[in-house]
Amino acid sequence: MKKEEIPNRIQELKKEKNVVILAHNYQTGEVQDVADYIGDSLGLSQKAAQVEEKIIVFCGVHFMAETAAILAPEKTILMPDINAGCPMAAMITASELRAWKRNYPNRQVVCYVNTTAEVKAESDICCTSSNAVRVVNSLDGEKILFVPDKNLASYVARHTRKKIIPWDGYCYIHNNILAKDIKEKRDLHPQAEVWVHPECRPEVIDLADKVLSTGRMIKEANLTEKKEIIIGTESGIIYRLKKENPSKNFYPALDLAYCYNMKKINLLKVLKSLENMTFQVNVPLEISQGARGAIEKMVKL
Ligand code: 13P
Ligand code: SF4
């Protein structure tokens, strides 16, 4: 089959097999274009629970598909590439978290949604990049173990009186964006605002006009009067920003802010996933129940 025929074949198979395709904001343009919904990590998992279709092809990294499987246990969640993992989520395991917790008797554990289901099941509550401060401030305790992102933990620590004890994890994409990159892009585009993801380093956050999750960046881009914005996050999001706002200019803070795991998914793999109904993501019941508790506590907020 010729490459240009793949999108139509995907649409046919989707209808024939009654499948919905969800894609994260960091997916390539060609994958975003065949998706029924594009969104941020938690938004997509919630969408998975809401849609009528019983089969979902999830174009994102593994923890996102796992969260969808937890929130929609009666549905079949497929990933076009089962090896598309999030390296930051892999920076803490459930047994490491269990051992760490033993050192802190009076504490609560907040886990970022970028964690495995096992780690979520060991946590008191989950959070996302858009609600981490609210989640932490909603807790009764004063001592919070925050996993796995030290940069998000540091951002939260600036907005709470609670003691935040961070795990030493980070996203290598966001951590690679340096203050000098922001300064260089600002020199090139002096009229531009700077928006960064809270997974960025504290010194990058210091230079930003706005600190936003990917979902909020999309919303804000539709609302802002600004015509030029420097974007401090994975560069796949620029495709959607530009598509929805053709009159505005979006410049990546770092040209090589590229998540190789997100980009393991491509159009051909989406087609194969639909043809073969692969690769199914399953979460064992005992883990799923614990993880769901942490996610639902957050959603209730
Ligand atoms: P969002 O939840 O903002 O989509 O972020 C997910 C992610 O992986 C950021 O690197
Ligand atoms: Fe994980 Fe970073 Fe890729 Fe997001 S951009 S999926 S946090 S490695």
Regarding Lys263 and the six-membered ring of Tyr258, is the cationic atom NZ or CZ under 6.0 Å from the ring centre and inside 45° of its axis?
yes
Is the closest side-chain donor-acceptor distance between Asp40 and Tyr26 under 3.5 Å?
no
Is there a donor-acceptor contact under 3.5 Å linking the side chains of Asn175 and Asn151?
yes
Under 4.0 Å between a Lys/Arg side-chain N and an Asp/Glu carboxylate O for Glu228 and Lys248?
no
Say whether Tyr155 and Ser129, considering side chains only, have a donor N or O and an acceptor N or O under 3.5 Å apart.
no
Can a donor-acceptor pair be found between the side chains of His197 and Thr214 at a distance below 3.5 Å?
no
Presence of salt bridge, Lys300 and Glu296, under 4.0 angstrom
no
Which value, rounded to the nearest 0.5 Å, describes the distance between Lys14 atom NZ and Leu271 atom CG?
12.5 Å
Quick one: do the Tyr112 and Glu199 side chains pair a donor with an acceptor below 3.5 Å?
yes
Before you tell me yes or no, could you show the steps for Val147 and Val119 under side-chain contact (heavy atoms from CB on, under 4.5 Å), namely the whole-Å CA-CA distance, both residues' side-chain angles and the distance that decides it to 0.1 Å?
CA-CA 9 Å; Val147 300; Val119 166; 4.2 Å; yes
Examine Met88 and Ile265 and state if one hydrophobic cluster contains both, with Ile, Leu, Val, Met, Phe, Trp and Tyr joined whenever side-chain heavy atoms are less than 4.5 Å apart.
no
Report yes or no: do Arg240 and Asn25 form a side-chain donor-acceptor pair below 3.5 Å?
yes
Is there a donor-acceptor contact under 3.5 Å linking the side chains of Asn137 and Thr160?
yes
Stacked cation flag Lys185 on Tyr251, 6.0 angstrom / 45 deg
no
Cys59 and side chain to side chain contact (heavy atoms under 4.5 Å, CB included): which single residue from Met79, Gln27, Met64 fits?
Gln27
Distance from Glu66 atom CD to Ile287 atom CD1, nearest 0.5 Å?
8.0 Å
Hydrophobic clusters here meaning ILVMFWY residues chained together by side-chain heavy-atom distances under 4.5 Å, can you tell me if Val211 and Val110 are in one?
yes
Are Leu274 and Leu22 connected into the same hydrophobic cluster when the rule is that any two of I, L, V, M, F, W, Y join if their side-chain heavy atoms are below 4.5 Å apart?
no
Under 3.5 Å, side chain of Asn266 to main-chain N/O of Leu268, donor-acceptor pair present?
yes
Leu212-Ile231 co-clustered via ILVMFWY side chain contacts under 4.5 Å:
yes
